[in-house]
Amino acid sequence: MLAILAAVLFAIALIMDLAEASSGIAASAFVTAGLLCLALHMAGVATRLPTRNGRRWSTRR
């Protein structure tokens, strides 16, 4: 999920850079946010399955 978010942020930064749009936020802020999301994804944040009592959720009893 974070990798997809990083790709979207990089796309926004690229479009802003190519269009030379001047909004309140600089394109470098989107690049920095994209790199942060990519680093968190590579570190394994938000990639685990939900757990319950230290075990994975199971439909079996």
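The figures that follow rest on heavy atoms only: side chains count, while hydrogens, waters and symmetry mates do not. Keep in mind that what you see is a predicted model, and the values were worked out from it rather than measured.
Side-chain contact between Leu9 and Leu5 is present, with heavy atoms from C-beta onward closer than 4.5 Å.
Between Ala6 and Gly34, the shortest heavy-atom contact is CB-O, 3.4 Å.
With sequence neighbours excluded, the residues satisfying side-chain contact (heavy atoms from CB on, under 4.5 Å) with Ile12 are Val8, Met16, Phe30.
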